[in-house]
Structure formats: structure tokens, C-alpha cells
Amino acid sequence: MNLYPVRAIYMSEMARTRRTLLQSIVSPVISTSLYFVVFGAAIGSRIEEIGGISYGAFIVPGLIMLMLLTQSVSNASFGIFFPKFSGSIYELLSAPISYLEIVIGYVGAAASKSVLLGLLILLTSNFFVPLEVAHPVWMLVFLVLTALTFSMLGFIIGIWADGFDKLQLVPLLVITPLTFLGGSFYSIDMLPPFWQGVTLLNPVVYLVSGFRWSFYGISDVSVVASVVVISLFLIGCLGMIAWIFRTGYRLKP
């Protein structure tokens, strides 16, 4: 594998982030901080501890995961959609660059931005609630794996989308609702038994639960199940991307 084209794509995408710093970095951090103010301070003061953890601290992993999922998908989808929209993707496909190098460049840049945002929000949360990370290595593992997986999902959406409106379709109508209903702001043990069973069908539950375990050592589902779910999702996205380049789906003029 030639690292020069990978580096060129990666640096180009990261340079775009620097040019749109307010939109790419500052805005998500401020938006997440508002969640801390509303849920952590205003509402959290009226809610008892969950699993021995203050409500403000309890929602930190969920808020980071909410931002991580939406930003990973949005960054990766726009990154590959814009070359399609401008027509420059055909020059990229005809260049002596392998499909693997293209994917690593775009997905790697989107995942890097998301991981950076996640760490910034983690640092910001310390201004609102006392925070400790029980398993920092596992926290980074979940952070990186989730960013990579959903950046690949965003890459797929960017290939599939034929207009700017469709780029936000999945993040707004699918990922955000699943994250809100996936235990980001509550423990699923607080739900009636029937709704607990329904909630376990939501794959985001396993991501949020595993990520929260890395902070506090508590989870709604087993950590093994969380790792299995994110691994299966990762494999599924890899398979879909391989199929896209093998068939030329939405890539051929």
C-alpha cells in the first residue's frame, strides 16, 4: 500500500476541518456543553444518583457517544460526497490509487476528527461534573472503534446520497433517535420489563453501555456483548464498502 495518496487525502480532509473550525469543532463542543447545562445542572439536581453515580456524571458517556456517532457519519459522508458532487471523484478513481487507500484516507480523517471532538468534550465535561475514567484503555478502544465504524457508515451514506438533503437523513432520522432511546440519558433498568426487551433491540444501547462501563464500571448489558456488536457492525460496513467498489455502485457516471 502506498502511503502518499493516503496522506494526501487525509491531510486535505483535515485542512478542510481547519478552514471550518467553528462549524467542525467549536459548534459541537458548545452544543454538547448546553446538554450538560440543561440535563446535568437543571434536571440532574432533581434526579437521584444512578448506580451510585450523580446524574450529571452518568450522562457524560452518552453525550460523548451522541456526538461521536452523528459527527462521524456527517464528516465521512460529506467528505466523499463533495468529490462526487463536483465530479472530481472520477479523477480520483482513475488515478493509480487503490480503493483501500481511498477508504483509509477519507475514513481515517473523519474518525480522527470525531476522536478529537470526543476527547475535547471529555475535557470540557470536567468543568461541569467531577469525572473519573475507571478503564482509560478500554475507553479509548470504544472511542476509536466507534469512530471508525460510523465513519465507514458515513462513507457508505456519502456514496449512496444523490443530494445534500440525503446526507442528513440518516443522522437526523435514524442515528440521533436511536442514541436518545439507547440509554444515553437513563439506565434501561429504569424501564418496565417489556420496554427493556424492546430497547435491547437497539444496537446503540450496546455502544453506550460499553462506553459507560469504561468510565464507571457499570453497564446495562455485558461488555462482551458491546464488543461483539461494534465488531459485527464494523465487519458489516467493511463488507458493504467492498461491495460498492467491486460493483461501482453510485460511482460510475
*Matching residue for L117 among T32, L122, I25 - test: side-chain contact (heavy atoms from CB on, under 4.5 Å)*: I25
*At their closest point, which heavy atom of V208 faces which heavy atom of G183, and how far apart are they?*
CG1-O, 3.8 Å
*asked:* Using side-chain heavy atoms (C-beta onward) and a distance below 4.5 Å, is I53 in contact with F215?
replied: no
*asked:* Please check if the number of heavy atoms outside M14 that lie under 6.0 Å from its CE is greater than 12.
replied: yes
*Are the side chain of T146 and the backbone N or O of L143 linked by a donor-acceptor pair below 3.5 Å?*
no
*CZ/F128: more than 12 non-hydrogen atoms of other groups inside 6.0 Å*: yes
*Which pair of heavy atoms, one from F81 and one from A161, lies closest together, and at what distance?*
CE1-O, 3.5 Å
*Which pair of non-hydrogen atoms, one from I188 and one from Q196, has the smallest distance, and what is that distance?*
O-CG, 3.1 Å
*Can you check whether M139 reaches F211 side chain to side chain, under 4.5 Å on heavy atoms?*
yes
*So F150 and F233, would you call those rings parallel, tilted or perpendicular, with 30° and 60° as cut-offs?*
perpendicular
*For W243, look at atom CH2 and say whether over 12 heavy atoms of other residues, nucleotides or ligands are found less than 6.0 Å away.*
yes
*Are C237 and F155 close enough that some pair of their side-chain heavy atoms sits under 4.5 Å apart?*
no
*Are L181 and W195 in one and the same hydrophobic cluster, where Ile, Leu, Val, Met, Phe, Trp and Tyr link if side-chain heavy atoms are under 4.5 Å apart?*
yes
*Is there any salt bridge (Lys or Arg N to Asp or Glu O under 4.0 Å) pair reaching into residues 141-163, and which pairs are they, with sequence neighbours excluded?*
D162-K166
*What are the two closest heavy atoms between V221 and S226, and how far apart are they?*
CG2-OG, 3.8 Å
*Short question: side chain of T124, backbone of L120 - any donor-acceptor pair under 3.5 Å?*
yes
*Indicate, with yes or no, if L119 and L116 share a hydrophobic cluster defined by side-chain heavy-atom contacts under 4.5 Å among Ile, Leu, Val, Met, Phe, Trp and Tyr.*
yes
_Would the distance check show the side chain of S209 and the main-chain N or O of D220 forming a donor-acceptor pair, the cut-off being under 3.5 Å?_
yes
*Test applied, side-chain contact (heavy atoms from CB on, under 4.5 Å); reference residue, I175; option that passes from L173, L178, L172, T179*: T179
_Single-linkage hydrophobic cluster V29~Y35, side-chain heavy atoms < 4.5 angstrom_ = yes
*So, do Y206 and V228 sit near enough that their side-chain heavy atoms are less than 4.5 Å apart?*
no
*Which atom of P130 lies closest to which atom of A57, heavy atoms considered*: O-CB, 4.0 Å
*asked:* When you compare the side chain of Y106 with that of I9, does any pair of heavy atoms fall below 4.5 Å?
replied: yes
_What I'd like to find out is whether the side chain of F245 reaches to under 4.5 Å of the side chain of I159, using heavy atoms alone._
no
_Which residues pass the ring pair (Phe, Tyr, Trp, His ring centres under 6.0 Å) test with F85, not counting sequence neighbours?_
F164
*Are I244 and M152 co-members of a hydrophobic cluster defined by side-chain heavy atoms under 4.5 Å apart?*
yes
*asked:* Does W138, at its CH2 atom, have more than 12 non-hydrogen atoms belonging to other residues, nucleotides or ligands within less than 6.0 Å?
replied: no
*Y186 and R212: which non-hydrogen atoms are nearest, and at how many Å?*
O-NH1, 4.3 Å
